[in-house]
Number of protein chains: 2
Amino acid sequence: MMEIFYRRSKEHGLKITPQRTAIYQELLKAKDHPTADVIYKRIVKKIPNISFDTVNRTLLTFSKIGITNVVEGYGQPKRYDPDIAVHHHFRCLQCNTIIDFHSKDYDSMAVPDEIKKQFTVINKKVVLEGLCNKCRRR
Amino acid sequence: MMEIFYRRSKEHGLKITPQRTAIYQELLKAKDHPTADVIYKRIVKKIPNISFDTVNRTLLTFSKIGITNVVEGYGQPKRYDPDIAVHHHFRCLQCNTIIDFHSKDYDSMAVPDEIKKQFTVINKKVVLEGLCNKCRRR
DNA sequence: AACTATATAGGAATTATTCCTATTTGTCAA
DNA sequence: TTGACAAATAGGAATAATTCCTATATAGTT
């Protein structure tokens with residue numbers, strides 16, 4: 001799994017630093033679409049003098065070279081997703097939890113011609129919004 | 001079109017103020033999914049002493065009572081959409097332009113049982129991402 | 001081992017959003 | 001129509017999120 005990290009970094013002329021390695025590993029472990037701040041807090045336990053800026057900058061860099069993604073949100077802090085395969089999201093409007101799910105039906109939906117003509121579509125996903133079980137009870 | 005604004009405000013016990021009326025009208029005119037700041041700058045020309053906070057707060061209130069929506073984004077400032085009918089978005093990864101489009105195929109996609117069981121789905125949309133024509137040329 | 005372009009730490013600056021409070025204003029009921 | 005009162009506003013301050021700046025350090029190459 002670190003494979004892709006080394007390969008893409010090379011391809012883009014990025015140096016493999018201990019900080020980047022740690023950030024990528026931490027991100028891979030994360031199942032909760034964490035913010036830069038959350039990742040920073042987890043990592044600072046291992047690398048006490050790492051700066052927030054490095055974590056933040058690195059996550060943006062990773063997103064640029066396509067080894068992680070910024071998750072769609074609504075103006076709250078950016079959240080990152082280490083799963084770069086096609087998948088879809090359910091998002092709770094109340095607590096902002098994001099749940100990944102897979103659906104072959106969704107994956108295979110055609111892009112309308114109208115859009116294809118005008119734009120280069122790189123990514124396609126379905127975003128469902130509503131209430132999760134916890135929030136529904138209230 | 002102001003109909004829904006008056007009705008929903010009543011339903012939620014919100015007062016009809018000149019500020020709210022102006023903000024709603026400005027939003028209705030907007031085709032560009034504007035930020036609170038953009039709306040503020042447009043409105044301050046008509047109501048010179050309106051405060052940014054009022055605009056911001058009002059837009060959030062409108063979203064809460066469902067007469068406008070916050071558009072999915074990636075940590076940039078919140079952007080608002082006066083179109084509350086079901087529709088879908090194409091978003092340019094480079095310049096962040098969001099284009100609305102409609103698709104009956106997308107509208108009619110079923111929500112997976114797996115999700116239905118666990119969550120109350122209120123909203124469903126397809127988000128396409130890629131490059132718009134302008135950005136593609138570079 | 002030395003060189004060089006890139007990356008980092010730390011802090012400052014900027015941007016976006018929310019909070020606080022005194023004052024004003026819709027709305028409702030008499 | 002008027003008074004009462006809860007709700008809303010303006011203005012500024014505070015907080016949160018992100019980005020920028022710069023001196024120093026380091027990965028990757030020669």
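So you know, we letter chains A, B, ... as the sequences are listed, proteins then strands, and number each from 1.
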Interatomic distance, [X] [atom1] vs [N] [atom2] [rounded to whole Å]:
X        : N       : atom1 : atom2 : answer
Ile50(A) : dG11(C) : CD1   : P     : 15 Å
Tyr40(A) : dA17(D) : OH    : P     : 15 Å
Ile65(B) : dA7(D)  : CD1   : P     : 15 Å
Ile47(A) : dT26(D) : CD1   : P     : 13 Å
Ile23(A) : dT8(C)  : CD1   : C1'   : 10 Å
Phe52(A) : dT18(D) : CZ    : C1'   : 7 Å
Lys64(A) : dA7(C)  : NZ    : C1'   : 14 Å
Phe5(B)  : dG26(C) : CZ    : C1'   : 12 Å

From the options dG11(D), dG10(C), dT18(D), select the nucleotide whose nearest atom is closest to the side chain of Lys78(A).
dT18(D)
Which listed nucleotide (dT9(D), dT19(D), dT18(C)) is nearest to the side chain of Asn56(B)?
dT18(C)
Between Asn49(A) and dT8(C), is there a contact of a side-chain N or O with OP1 or OP2 at under 4.0 Å?
no
Phosphate-side-chain proximity, Arg57(A) and dT8(C), N/O vs OP1/OP2 below 4.0 Å
yes
Counting only non-hydrogen atoms, which of residues 12-21 of chain A are less than 4.0 Å from DNA chain C?
Leu14(A), Lys15(A), Thr17(A), Gln19(A), Arg20(A)
Classify Leu60(A) by what it touches in the nucleic acid, base, sugar-phosphate, or nothing, heavy-atom distance under 4.0 Å.
sugar-phosphate
Check every strand shown and say whether Asp37(A) touches a base, only sugar-phosphate, or nothing at a heavy-atom separation below 4.0 Å.
nothing
Glu3(B): which residues meet the salt bridge (charged side-chain N to carboxylate O under 4.0 Å, His left out) condition with it, sequence neighbours left out?
none
Please identify each residue that fulfils salt bridge (charged side-chain N to carboxylate O under 4.0 Å, His left out) with Asp37(B), with sequence neighbours left out.
Lys41(B)
Other members of the hydrophobic cluster containing Ile122(B), with the 4.5 Å side-chain heavy-atom rule, please.
Leu93(A), Leu131(A)
For Lys10(B) and Asp53(B), find the nucleotide of DNA chain C closest to each by heavy atoms; which residue's nucleotide sits nearer the 5' end?
Asp53(B)
Is there any ring pair (Phe, Tyr, Trp, His ring centres under 6.0 Å) pair reaching into residues 110-131 of chain B, and which pairs are they, with sequence neighbours excluded?
Phe90(A)-Phe119(B)
Taken to the nearest 0.5 Å, the spacing of Glu72(A) CD from Arg79(A) CZ works out to 9.5 Å
Can you tell me if Asp100(A) and His88(A) form a side-chain donor-acceptor pair at under 3.5 Å?
no
Going by ring pair (Phe, Tyr, Trp, His ring centres under 6.0 Å), name the residues that satisfy it together with Phe5(A), two or more places apart in sequence or in a different chain.
Tyr24(A), Phe62(A)
